[in-house]
Amino acid sequence: MDMVSSEAAGSARTGEFDVVVIGAGFAGLAALHRLRERMGYSVRVIEAGTQAGGTWYWNRYPGARCDVESLQYSLAIDDAIQQEWSWTERFATQSEILEYTQFVVDRLDLAKDIDFQTRVSSAVYDDDTDSWTVTTEGGETYSCRWLIMAAGPLSTPNIPDFPGIGDFKGETYHTGMWPKHAVSFAGTRVAQIGTGSSGVQIAQEISKDAAKHYVLQRTAHHIIPARNRPLLEGEQEEIKARYPELRQFWQTLIGATFYQSLPSDPPLVPGNKSIFDVTPEERKEIFDNAWAYGGYGFQRAFTDTLKTIEASTIAGDYIADRIRDAVKDLAVVEKLISSQYFGTKRVILDTNYYEIFNQDNVELVDVKSNPIVRITEKGLRLESGREIEVDMIVFATGFDAMTGSLTRMDITGRGGKVLRDAWKDGPASYLGIMVAEFPGMFIIGGPQSCSALANVITANEQQVDWICEAISWLDERGYTSIEPTPEAQEAWVNRCNELADATIYTKGDSWYLGSNIPGKPRRFLLYVAGYPGYKSETEEVADKGYEGFVLDKAKELN
Ligand code: NA7
């Protein structure tokens, strides 16, 4: 191993390290622990927030909650930790996950190697020394041989460039940059823009006591019930007692997560049948059961709901009927029924979202047919000329997903190549982990990985393991650089595109495709064949001595 002396470790904010990790979310924390404790590397983590937690640090808006079962949404990194920590609800709140993150940081003594309140501005590769120099907005510099980007797939907020956006005199917030101070909606007039997962969750809070709550919806999404509840007596104990076996089992599932809470529950859904293999009565019963149980079992109830237009349409029609049951005003019902194919956008878990539209203080405003044309001093103006006067605007307008956290930094690889430019026609990576001409730079949760389509903590830990094994393997053999060949990268991108084209995911618009960001090239941004396939494909490459990569010979490519 190439141990580099570190004048910074433990205190100063600059220095030389074996590995620099950008981001202290779950991915960065797992990488730090593994590299430092198990492998003895000098590591520095750079984090913009004042605390670890990544997504759960920034998205502290009222109502924020995870949509993976809490007992599965945790690090497997250390058995004592998963036994000691206790969850309180089936789906954890943002604040509980942030507390859990801090618990992990304290138990593993991670904070001493993290520089908080430090935002990276650039990372530059030096061809002569096979090393990276990372510079922060405050001017600190860090150098390292291996650079790990763990800045998050959904961490660059998207604020649409509405004309007049600076004119508004009231309060404005973005769900992904929510302030630490309390924000009260009581008695205020609030316009909420966006009805994705964040919008649906915060709407349930705003509607409770806002004087007037305008929900500005561009596209109706598909929303299914979470059925969140306190954890049952004995439930947590049962899962904790079986964690080793269950974690292995979950990793055999497409999303690296099981859609039932208790392993002892009777099977909820067939999951292995086409929607056309059952009678309409059986189909309804299966959907009814999944709907009543809550969580993502509904979307995995049949093998083809996320694959074919016909099956997806049947699932969408079922949800339309549930909206008709929940909402009284038929004109509102029609606006809430999605015209997208079920599954093209990430399906949302809710708690009584549709019901808020029966309240007098809530109005659904369709901004697809009547778009927002301007933000004014007092609120918003729609194309029809309607003025909506409010005290507060909440942007629940999502993220520049999968690539934004990387392209907003100035990342310069070999020969002065800038990542932002390299990806101007769409991102390209090999295995979703490395990029040609950016030697020694590993990405966790990057484009063409399975991250956001799986239990993201499990996906992160698998990538951390893969990257750490690679670094160790390279160091043991004296390699100082690794990067994909352009051919291997192109083949991986093509494979990801082909896999996506065989599903429903490419038949609509979504952040999965980058289509939520004006001007962003439309390309499916994830590996869609599931966690087990991703794990075995990446492991196979490693087992073959990092097939598709150039090791230590990068300069010959010039
Ligand atoms: P999403 O799912 O990207 O939702 C963003 C919402 O904002 C969505 O309804 C958008 O409408 C809407 N939006 C974006 N730009 C505009 C403009 N210009 N005008 C009106 N409405 C707009 O982000 P979330 O934060 O809710 O969730 C992101 C992920 O985080 C989620 O999938 C989970 O994985 C966790 P659109 O649908 O594009 O028409």
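Whatever order the structure lists ligands and atoms in, that order sets their numbers, starting from 1.
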Spatial distance of atom OH (Y100) from atom CG (L75) [nearest 0.5 Å]: 4.0 Å
Rounded distance (nearest 0.5 Å) linking atom CD of E47 with atom CG of L29: 8.5 Å
Regarding ligand 1, does [X] bring an N or O atom to under 3.5 Å of one of the ligand's N or O atoms?
X	answer
D67	no
T195	yes
S197	yes
F399	no

For this output row, return yes or no: ring centroids of [X] and [Y] closer than 6.0 angstrom.
X	Y	value
F342	Y318	no
W250	Y531	no
Y173	Y61	no

Which residue and non-hydrogen atom of the protein lie closest to [atom], and at what distance in Å?
atom	value
atom 11 (O) of ligand 1	R218 NE, 3.7 Å
atom 23 (O) of ligand 1	G398 CA, 3.1 Å
atom 4 (O) of ligand 1	G196 CA, 3.5 Å
atom 35 (C) of ligand 1	L154 CD1, 4.2 Å
atom 8 (C) of ligand 1	H221 NE2, 3.7 Å
atom 36 (P) of ligand 1	T219 OG1, 3.4 Å

Modelled atom types, side-chain donor and acceptor of K507 and S312, under 3.5 Å: no
Side-chain donor-acceptor contact under 3.5 Å, H213 with Q192: yes
If the cut-off is 4.0 Å to any non-hydrogen atom of [X], which atoms of ligand 1 fall inside it?
X	value
K345	36 (P), 37 (O), 38 (O)
S198	24 (P), 25 (O), 26 (O), 27 (O)
I193	20 (C), 21 (N)
P160	15 (N), 16 (C), 17 (C), 18 (N)
G194	6 (C), 7 (O), 9 (O), 12 (C)

Plane angle bin for F302 and F287 - parallel if under 30°, tilted between 30 and 60°, otherwise perpendicular: perpendicular
Region of A396 that comes within reach of ligand 1 [heavy atoms, distance under 4.0 Å]: backbone
Per-residue contact class, K368 against ligand 1 - non-hydrogen pairs under 4.0 Å: neither
Lys/Arg N to Asp/Glu carboxylate O, R522 vs D509, below 4.0 Å: yes
Neighbour count above 12 (heavy atom, 6.0 Å) for K378 NZ: no
Selected option - heavy-atom contact closest to atom 3 (O) of ligand 1, from Y61, F162, F395, W511: W511
Within 45° cone and under 6.0 Å: R60 NZ/CZ vs Y57 ring: yes
